[in-house]
Each structure stands twice: as C-alpha cells, then as structure tokens.
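Below: one structure, written as structure tokens.
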Amino acid sequence: MLEKLNNLQRTHICGELHAGDVGKEVVLMGWVHRRRDLGRVIFLDLRDHSGLTQVVFNKEANLELHRKADRTRPEFVVAVEGKVVKREKTNSKLPTGEVEVVASKLHILNTAQTIPIPITDQLKASEETRLRFRFLDLRRAPMQRNLRLRHRVVLALRHYFDQEGFCEIETPFLTRSTPEGARDYLVPSRVHPGQFYALPQSPQIFKQLLMISGFDRYFQVVRCFRDEDLRADRQPEFTQLDLEMAFTTPDAVFRVVEGALTKACAAADISVAPPFPRLTYEEALARYGTDKPDTRFGMELVDVSAVFEPARETLQISLPVHALVAPGAAGFSRKQLDELSEFVKSQGASTLYTAKVKEQGIESPLKKALGETGLNRLRELTGAGANDLILAVPANKPAGADRPHAAAATALGALRVRLAAQLQLIPANQWNFLWVTDFPLFDWSETENRWVSSHHPFTAPADDDLNKLESHPGQVCSQAYDLVLNGSELGSGSIRIHDPGIQQRVFSALGLSSREASERFGFFLQALSFGTPPHGGIALGIDRIVALLAGESSIREVIAFPKTTAAQDLMAAAPSRVDPEQLRELGLWGNKRVLDCACGGVWQVEFEKYSMGEKSGVEVTCPVSKQPVHLPVGGRWRAEHWDPASRKWTEAAGQ
RNA sequence: GGGGACGUAGUUCAGUUGGUUAGAACGCUGCCCUGUCACGGCAGAGGUCGCGGGUUCGAGUCCCGUCGUCCCCGCCA
C-alpha cells in the first residue's frame, strides 16, 4: 500500500547530515539506493541528488517498522522519520559517513519495478540503453553533476551579460527558411497549405534587426535547429549563447566574450586569464593544419616543399608538402605506421610518407626518391631529433591563384591531434582559449560550382579587400572570427555588413541576383537602409562549452534528452508517424493519395502514376477485412493501410 | 551518400575449426544472518543469440540482406 505524503516535509536533504546534527529528529525523503539486510538489522541507503544517508531499522526496537523496511526494494521512494545518531564505525567514503538515521517511521511513497540500468557512477550500460531509459540515467550522479554544471554556467552567463548592459530578447522559432547554410527543419503551415515555416539555424537576422531597432546590446540563450548529419559534438537541436553589439569592433566583442568565458569557467571552478591569444586563419592552417588548433601541445606543421620539389615527378605528387614530427615515435611498428596511413587517407590525404630518425641514420621509404641529402634536409627543416618520427603529406591539388586556402594540410592537422593523444602529449587541466581571425569571406563549393559564404552572407568583408569583391572573391578576407578551446570550435562571429550597397554586392558574389536577394531578404535589405549602426557579435555553443568544462567528449552527456546519430529520440520514439488526418489537415500529400477502405480504415498510397481506369491498377489485401482491394495506381508504388481501431500501419503487398 | 566498430539473459560480457542441454559476473526472486556500507551465505528463476533469407546432416559461429547504436569522411552559412 502506498502512503500519502500528507503534511510531512523534508527537514534535510540526503547529502547534508553530519556530526553536528547528532541528536536531531529529521525527516528525509528519497530513493532507496541500496538495502543491506543483515537479519535483525536492515540498512537502507537513502539517495537524492545531494547524496546518501544510511538509515537503520532494528527488529528488536520496532518489529512492524523492520518488516516494512524489509519490503522496500531499490528505487522505491520513501520518507523516513528518525533521529540522527553517531555511527559505531565511520564510513569515510561518504560525506554523511559519520552519522546515520535511526528510523522511527517509514512511509513507502512509491514502489519501483526492477530497473534496467543500475544507478551507479561508473555505468557500463550501452548508450542505447541509457537513452532508452534516460530518466533513470539522469538519476546517476555524473549526469546530475553535468546538468547542474550546465545550469550554473548558463546562470553565470546570464548574470554577466545583464551586468554588462545586455538585454535578453526572444526571437521567433517559427520563421522563414533561409537559402544559405544548413538544411532547415520545416514546419508546415495549416492556414497556408503548401507553405512552411523553418526553425531557425540561428537568430542571425533577428538579432541584426534588433541592432537596427536600437537594442544596442542583445543576448539570448537560444535553441537552434539544423537538419544535418550528427556527430559527437553535433545535435539537430542545440543551444547557443547568441549576442550582438552595436557600434562595436572585434576587440570589443573579444573583451566581452573573454569576460563571459571567465565567468563560465569559474562556475566550473576553472580559472582562465584573458586576453586570449589570437591567430589568423592563415597562420592556424599553416602551423596546425586546422582552423581550430589545439595549442596545448606543439608538433607544429612545417612546409617541406623545398625538399620534395626535386622528387615531384618521381613521386607524382603536388606541392606543397607539409610535415610534422612525432617525438619518440621512431620505434613505431609497421602496423602502427599502416594505421596512421589509413587514418590520413580517411581524412582525405592521398598518401603518408614516414621517416624514422635513428642513431645510425634515417630509415625511410623516401630514401630512393629524396636521397641521403634530402632526408637530412628533411630532418633539419622539421627539427627532428634522435628517435623521432617524421610524417609528411603532400597536397591533393596545387593551390589555385584565386584560392590560396585550397591546399591546406588538414589531413596532417588531424593526424597531429590523433598522434598527440596516442603519445599522451596533451596535458590535462589546461584551458587554451584562442581567437582565430581573418577568415576568408567565401569558400568555393565544388558541388554547387559557386562561391559560398564561409561564415554567413551578412559577414562584413575586410575594409581593405572591398575592391576585390567582384574581381577576386577568393582572396577577400572577412571580419569573421572563431573562439576555440583545446581544439574545439566554441563560437563563431563577425562584424556584420551595415551598408545595404555592400550587402547587395556580397549577395551577387554569392550568385544571388538582386531579384532573388530581394525576394528572400527584401525585408532585411530594406531594414538596413533605415539607419543601421555598425554592429557585430558572436554565438557560443553552450553544449560544447559545458561538455568541455565537464570533461565529456560528447555533448549528449550534457543534454538531458539528446538524440541518436540517426536523429531519433529513443525514449520518446521521435520522430514518429502521425495520424493521416493530421497530414490531410496540413495539405501534405504530394503525389500521395488517401483512399478510404471498406473496413473503415484508410490507404495511404504513394505512386508514380495514378489512373482512373478499373483495369489498370493493383490488387492488395486489406489487413483488417482480408478482402481484396483495388488501388488505381501504376508504375512504382507503395501503399500502407491505416487501421484507426488498432492505430496501426500495415504495409501492403500485392501487384 | 561513403568508410569503420558493435549487436548473445534485465545489464556488461565470454562462447574454440560449424557439432550434445548457449555460459560467467552483476542484477532479480526465496530462505538464513545484529553493524553492514559494492554486506555475507545457500538455493532458484531468467535466452526468438537484433530481424529476415541462404549454405549445411547440423548455424550464436559461414554468406547475403535488413534494422539499431557508436565513431569518422562528406555535410554542418
């Protein structure tokens, strides 16, 4: 029998009792974490988010009570009334280990079935099981810690931005689809059949409009949506700390963000010292082979094109060639080298050259092509010492005159990070924030055969490069910047275009005619023409920041209810089929038809051809009535039967 | 869209060259136990080997397909 709470209230939480509380009558509530039944004495560990307290039930002191305690099972919800006493033997593993509660009353508030995953810190369950039973997974202390850390970080940020004069303003979730950028999540409009809202990839345009409106310091903790493939650090919905400032410069944005990150880190008891170092995009790529370098370790890339130049024909490679040194890795086995080679190829490189620097000389498959002298020069250039391993990767394609960024050694950059981890060269507890600046304004898209924004189309070009906007778009530098922490991109921002003329020129460089531009961004272009202050800002990835501060490698560990890599919610079973009536209401059929079935259900038919003739078409069997049904479809088709009684879809077979 | 790893009891895993009734630990159930704290002891229950097909006298094991989870490339302004 379950008991009511009545007017009973907790006097303490489970993690706070200590020696000073001895003698107090207390009321605790929580979950039965563990029951240790020793026969005439039963110990219950009572758990809530704050910790554990041991509760004792003695058979001789109170037979009824002891029997009740005997009925409890793990994860039962109980209330305990009793007296705090000092323990006979202290348990030094528990913060409450000096005391225990001698129960005088036990209220079983709820029972629990045997749980599929144990509530332990070091859980071995698969992520699939954890996600299916996320509500139980979240009972575990590490998840409680992560989500409470997230709360403190967001709270600290909100407090900071408030103090800095920022105003939090909500922007719409149901908005207009933007042509540039990630794939949109679409929401059908019932009132306007065939038309759609898009969920925002970011509140970019709205925050710029707020600048035009005179809210000169805006911020928002905001959910963003992108319908792209997932990764450990990418979810279809994620949270940004979005901010924008009028009358600002990159330096001013950096100062504000550095202050914010200092507070966010402090919430995790981590101290950081601004200002953060800066690196240009060019330099980051040249030295680290990535635009988000992890600067906690060295192993920087070296351009060794000069050494490979003479052997260019023999090796059939393009220049430039970049190299890096793996310290102390000259002893790597053939198998290990093969693995590294596999890895760089998976990262898009054509080949990996290796050279082992040994006492007796340099061992390398390049010996024939480069000669002794070449290898020695390679060693000098890279600064490799005895027992080091030199790794070199040639460019896939030579750098085009108009595209100086195209031949970056990104595969080698990925190898650098992998090797540093493998060789354990990455120091723990180091927080290397970094600004990466001067990104190119455009990237060339091979698939679309046009220039695309490398940040977004509202990013301001560098003042000095305005004259190249039409002639050499690939050489135009932008006023965009990224915030990087330990090799992770935490945020991305820019100074925006506030001149409608320049905005038009950027649109046309992107291949958007002025007609298309005004169709898609007309309201925005118009707004720019009504007195827009110079402005800029940034958006910080809250999930990534909290994951790093929590020491987690996946943002799923800091999101209460995340989705799988197939963008599904295993607990809620989303996405899901919907009632055909809902689709009908939204006008979402396309080349589908809904046909009534004699059984009272409906057929949802997807087809290539639709014919009204009785002779053409297909015969299928109604899964409810088992009667044959004629569907007037031809070509490739697919039909499903919806039975409203059982609320079940059945795929039809037939021909 | 492509590559890789994995899928066996509630959970985490083992399972030999294809061969009798698929095992272990934890968890669960029952009994015993007065100071445990990952309590201990004894007994017991628990399996569509993800799913479908194929090869074979015989498949958890081999082959094909499919579904699911994770990692990476592409993609992610």
Side-chain angles (χ1 to χ4, degrees), chain A residues 33-46 52-61 66 70 73-75 85 87-94 96-97 100 102 112-133 136 178-184 200-202 204-205 224-236 238 339 342-349 410-411 414 418 439 441-443 445-448 451-459 478 480 489 492-494 506 510 539 541 553-554 556 563-566 568 570:
Chain A
H33 188 63
R34 218 162 244 127
R35 185 174 57 108
R36 288 179 295 279
D37 181 354
L38 277 71
R40 281 190 229 174
V41 64
I42 293 173
F43 298 100
L44 292 188
D45 286 340
L46 195 61
L52 296 176
T53 296
Q54 175 165 284
V55 183
V56 202
F57 299 84
N58 199 303
K59 198 172 192 175
E60 271 144 38
H66 179 274
D70 196 32
R73 291 291 179 274
E75 301 310 309
V85 301
R87 287 203 198 186
E88 289 180 11
K89 227 191 288 171
T90 297
N91 181 354
S92 55
K93 289 182 208 159
L94 282 182
T96 60
E100 63 191 0
V102 178
Q113 295 191 317
T114 303
I115 51 172
I117 54 169
I119 312 298
T120 52
D121 291 8
Q122 308 273 317
L123 184 65
K124 283 190 175 169
S126 70
E127 196 163 354
E128 190 176 347
T129 313
R130 289 178 56 203
L131 289 177
R132 214 176 288 283
F133 301 99
L136 295 178
T178 49
E180 295 280 314
R183 197 175 294 116
D184 285 320
Q201 299 170 27
S202 85
Q204 186 59 37
I205 289 181
C224 302
F225 306 85
R226 292 176 192 176
D227 187 5
E228 295 293 346
D229 287 346
L230 279 66
R231 289 282 197 285
D233 62 352
R234 273 163 32 188
Q235 283 275 304
F238 60 100
E339 278 168 9
E342 280 296 307
F343 178 76
V344 293
K345 282 173 191 165
S346 80
Q347 299 293 315
T410 52
R418 187 203 139 121
F439 279 78
L441 189 64
F442 302 113
D443 292 321
S445 166
E446 295 288 347
T447 49
E448 292 177 66
W451 294 103
V452 294
S453 292
S454 76
H455 184 49
H456 59 56
F458 316 109
T459 303
S478 75
E489 181 196 316
S492 199
S494 64
V506 169
L510 290 169
S553 53
S554 164
R556 291 188 299 271
K563 295 186 175 51
T564 67
T565 47
Q568 283 182 300
L570 294 181

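Atoms considered below: every heavy atom in the structure, side chains included; atoms not considered: hydrogens, waters and symmetry mates. The sequence lines fix the lettering, A, B, ..., with proteins before strands; numbering per chain opens at 1.
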Side chain to side chain donor-acceptor pair (under 3.5 Å) filter on A:Glu75, not counting sequence neighbours, yields A:Arg47, A:Arg139
Name the residue closer to the 5' end of RNA chain B, choosing between A:Gly348 and A:Gln204 according to the nucleotide with the nearest heavy atom. A:Gly348
Below 3.5 Å, does any donor atom in the side chain of A:Arg40 face an acceptor in the base of B:G35, or the other way round? no
Roughly how many Å apart are B:C63 and B:G18, using the C1' atom of each and rounding to a whole number? 13 Å
Which nucleotide, if any, forms a Watson-Crick or G-U wobble pair with B:A22, using both distances under 3.5 Å? none
Which whole-number value in Å describes the distance from A:Asp227 CG to B:G1 P? 13 Å
Atom pair distance, as rounded to whole Å: CG in A:Asp233 and C1' in B:C75: 13 Å
Nearest listed nucleotide, side chain of A:Asp229, among B:C28, B:C71, B:G1: B:G1
Base-pairing assignment for B:A14 (Watson-Crick or G-U wobble, both under 3.5 Å): none
Does the A:Gln54 side chain pair with the main chain of A:Gly97, one donor and one acceptor, at a distance under 3.5 Å? no
Euclidean distance, atom CG of residue A:Asp443 to atom P of B:C75 [Å, nearest integer]: 10 Å
Looking at every strand, decide which applies to A:Ser202 at a 4.0 Å heavy-atom threshold: base, sugar-phosphate, or nothing. base
Partner residues of A:Glu128 under the side chain to side chain donor-acceptor pair (under 3.5 Å) criterion, sequence neighbours left out: A:Arg132
With sequence neighbours left out, the residues meeting side chain to side chain contact (heavy atoms under 4.5 Å, CB included) with A:Pro236 are A:Tyr185, A:Leu230, A:Lys563, A:Ala567
Mind checking what makes side chain to side chain contact (heavy atoms under 4.5 Å, CB included) contact with A:Thr90, not counting sequence neighbours? A:Glu98
Strand partner of B:C42, provided both Watson-Crick or wobble distances fall under 3.5 Å: B:G30
Nucleotide N/O to protein N/O under 3.5 Å, stretch nucleotides 37-40 of chain B:
unit_1 : atom_1 : unit_2  : atom_2 : d
B:C37  : O4'    : A:Arg36 : NE     : 3.0
B:C37  : O2     : A:Gln54 : OE1    : 3.3
B:C37  : O2     : A:Arg87 : NH1    : 3.0
B:C37  : O2     : A:Asn91 : ND2    : 3.0
B:C37  : N3     : A:Arg87 : NH1    : 2.6
B:C37  : N4     : A:Lys89 : O      : 3.2
B:A38  : OP1    : A:Lys93 : NZ     : 2.9
B:A38  : OP2    : A:Lys93 : NZ     : 3.3
B:C39  : OP2    : A:Arg36 : NH1    : 2.9
B:C39  : N4     : A:Asp37 : O      : 2.4

Same-atom distance (C1') from B:U8 to B:A25, integer angstrom: 15 Å
Taking only N and O in the side chain of A:Thr564, is any of them less than 4.0 Å away from OP1 or OP2 of B:U69? yes
A:Ser454 side chain to A:Asp443 backbone, donor-acceptor under 3.5 Å: no
Residues which pass side chain to side chain contact (heavy atoms under 4.5 Å, CB included) with A:Asp37, listed by chain and number, not counting sequence neighbours: A:Arg35, A:Ile42, A:Asp70
Which atoms form the tightest heavy-atom contact between A:Gln201 and A:Ala182, and what is the distance? NE2-O, 2.7 Å
What distance, rounded to whole Å, do you find between the two P atoms, one in B:G46 and one in B:A9? 15 Å
All side chain to side chain donor-acceptor pair (under 3.5 Å) counterparts of A:Ser492, not counting sequence neighbours: A:His455, A:Asp482
Within this structure, what is the CG-to-P distance between A:Leu136 and B:G27, rounded to whole angstrom? 17 Å
Measure distances between side-chain N and O atoms of A:Arg234 and base N and O atoms of B:C75, and say whether any donor-acceptor pair falls under 3.5 Å. yes
A:Gln568 has an atom CD; how far is it from atom P of B:G68, in whole Å? 6 Å
Please give, in whole Å, the distance from B:G4 C1' to A:Lys345 NZ? 16 Å
Please classify the nucleic acid contact of A:Glu100 as base, sugar-phosphate, or nothing, using heavy-atom distances under 4.0 Å. base
I'd like to know if the side chain of A:Thr53 and the backbone of A:Leu46 have a donor-acceptor N/O pair within less than 3.5 Å. no
Considering only the C1' atoms, how many Å lie between B:G30 and B:U12, rounded to the nearest integer? 25 Å
Any side-chain heavy atom of A:Trp451 within less than 4.5 Å of one from A:Ser445? no
What pairs with A:Asn91 under side chain to side chain donor-acceptor pair (under 3.5 Å), at least two apart in sequence or on another chain? none
Tabulate protein N/O versus nucleotide N/O from nucleotides 10-12 of chain B, keeping only pairs under 3.5 Å, one per line.
unit_1 : atom_1 : unit_2   : atom_2 : d
B:G10  : O2'    : A:Pro116 : O      : 3.3
B:U11  : O4'    : A:Pro116 : O      : 3.4
B:U12  : OP1    : A:Ser126 : N      : 2.6
B:U12  : OP1    : A:Ser126 : OG     : 3.3

Ignoring backbone atoms, establish whether A:Arg556 has a side-chain N or O less than 4.0 Å from OP1 or OP2 of B:C71. yes
P gap between B:U56 and B:U61, integer Å: 16 Å
Using a heavy-atom cut-off of under 4.0 Å over every strand shown, decide if A:Gln201 touches base, sugar-phosphate, or nothing. nothing
Between B:C31 and B:U17, how far apart are the C1' atoms? Round to whole Å, please. 46 Å
Is A:Arg231 close enough to B:C75 that one of its side-chain N or O atoms is under 4.0 Å from OP1 or OP2 there? no
How would you label the contact of A:Ile42 with the nucleic acid (heavy atoms, under 4.0 Å): base, sugar-phosphate, or nothing? nothing
Interatomic distance where CZ belongs to A:Phe43 and P belongs to B:C33 [whole Å]: 16 Å
Between B:C26 and B:C39, how far apart are the two P atoms, rounded to whole Å? 12 Å
In this structure, how many angstroms lie between the P atom of B:G3 and the CZ atom of A:Phe343, rounded? 19 Å
Taking pairing as Watson-Crick or G-U wobble with both contacts under 3.5 Å, can you name the mate of B:A5, or confirm there isn't one? B:U69
Taking the C1' atom of each, how far is B:G60 from B:C49, in whole Å? 5 Å
